[in-house]
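For reference, the structure is listed below as structure tokens.
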There are 2 protein chains.
Amino acid sequence: MGSSTGTGTAAGTAPSTTELMEQVAAVGAAYFHDFAAAAARHGLNSSQAKALKAVLEPVPMRALAGRLGCDASNVTGIVDRLEALGYARREAAAADRRVKIVTITDGGRTVLDRIRADMGRARAAFDSLDTEQRAALSRLCDQVLPLLQRP
Amino acid sequence: MGSSTGTGTAAGTAPSTTELMEQVAAVGAAYFHDFAAAAARHGLNSSQAKALKAVLEPVPMRALAGRLGCDASNVTGIVDRLEALGYARREAAAADRRVKIVTITDGGRTVLDRIRADMGRARAAFDSLDTEQRAALSRLCDQVLPLLQRP
DNA sequence: TATTGTTATACTCTATAACTATA
DNA sequence: TATAGTTATAGAGTATAACAATA
């Protein structure tokens, strides 16, 4: 492949599945920690910040619960908070008047951008990868994710 | 490189840092979900299971709190639970009698192995990678992690 | 009757502060 | 006096069950 030194793949011995999972878990945990810290600096907890990402496209309350992986009863409070801050709003669905659709506001988009920009460690970490490494990591995530998310 | 079609690296365009972080976050979240589910099937919550991994080598209570990223007062309950199940035990430190060192038992090692084996989706996902891909992913994690964990 | 969103409630996890026993 | 571990307590986040409005 096109990588640097020429020592090739032999330089990194392939780890066992368990070891590999442990490494990925460490990266995931550190990322999540950084995300929660950045969100907190902008007055949101991680559920609220995650919800803000999920409503970049309009989503009904119940579907939002699914995306957040929590019970529907929690979504009320989460969206209440986002709405109180002016980051999202509820709109009645035209087709079914029971349904409320949550949409992000311009203010919400601004805060989300700021939170993302404010993730210093995560940004530095992934910025350290060159173009080829980023493409490789992206491809690996794409391959692994569907199997990881199966029902 | 070892991949399929021959379109090479150009096939996966390098994503922006934000997009890349989002992908990694999705993998991390799915992994953690699978881990928590597997632990629950063996009567542990994710903190307790994480603690079990952390005491594969003997660790003082306070240091364990650091590894788990929680307050020291929580560790008492977590280790109480592991001890009640026979998965870990407290031993007085020889040098300083205030300190209690937590050690995993054979039973704990067995359960930890079972939990790891029981992570069906995560295992299937990472088993789908060939040797070269696993080595690449491992290397990328190693590069990214230290920057991600900086104080 | 079934479903959406909400409310009321209880439970779990975590953090803060006070206590003990050692140092 | 300072530190390790524990205990007691309060707070945040989540789930369960019951409810009103709509389908």
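Chain naming here is simple, since letters A, B, ... match the order of the sequence lines and numbering starts at 1 in each. As the structure is a computational prediction, the values presented were derived from the model and not from experiment.
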* **Those residues that, when tested against D80(A), pass side-chain hydrogen bond (donor to acceptor under 3.5 Å, both in side chains) (two or more places apart)** => R90(A)
* Asked: What pairs with K53(A) under side-chain hydrogen bond (donor to acceptor under 3.5 Å, both in side chains), at least two apart in sequence or on another chain?
  -> E22(B)
Would you tabulate the side-chain donor-acceptor contacts of residues 26-39 of chain A under 3.5 Å, counting partners in other chains and residues two or more places apart, or write 'none'?
{"residue": "D34(A)", "atom": "OD2", "partner": "A122(A)", "partner atom": "N", "Å": "2.9"}

* Can any side-chain N or O of T17(A) pair as donor or acceptor with the backbone N or O of R123(B) at less than 3.5 Å? -> no
* Can you list the other members of the hydrophobic cluster that holds I101(B), where links are side-chain heavy atoms under 4.5 angstrom apart? -> V99(B)
* To do: Look at the side-chain N and O atoms of R98(B) and state whether any lies under 4.0 Å from the OP1 or OP2 oxygen of dT3(D).
  => no
* To do: Mind running a 4.0 Å heavy-atom check of residues 27-35 of chain A against DNA chain C and sending the residues that fall below it, in number order?
  => none
Rounded off to whole Å, could you give me the [atom1]-to-[atom2] distance for the [X] and [N] pair?
X	N	atom1	atom2	result
I78(B)	dG5(D)	CD1	C1'	14 Å
R97(B)	dT20(C)	CZ	P	18 Å
Q48(B)	dC13(C)	CD	P	7 Å
I101(B)	dG5(D)	CD1	P	9 Å
R89(B)	dG5(D)	CZ	P	17 Å

* To do: Determine, step by step, whether R62(A) and D71(A) satisfy the salt bridge (Lys or Arg N to Asp or Glu O under 4.0 Å) criterion, reporting the C-alpha distance in whole Å, the side-chain angles of both residues, the deciding distance to 0.1 Å, and the verdict.
  => CA-CA 9 Å; R62(A) 190 152 291 263; D71(A) 190 84; over 6 Å; no
* How do D96(A) and S47(A) order along DNA chain D: which one's closest nucleotide is nearer the 5' end? -> S47(A)
* Carefully, step by step, assess R67(B) and E57(B) under the rule salt bridge (Lys or Arg N to Asp or Glu O under 4.0 Å). => CA-CA 12 Å; R67(B) 289 213 196 180; E57(B) 45 180 37; 2.8 Å; yes
* Sugar-phosphate means primed atoms, P, OP1 and OP2; the rest is base. With that split, encode nucleotides 6-12 of chain C 5' to 3' as B, S or - using protein heavy atoms under 4.0 Å. => BB-----
* Asked: Charged N to carboxylate O below 4.0 Å: is that the case for R89(A) and E91(A)?
  -> yes
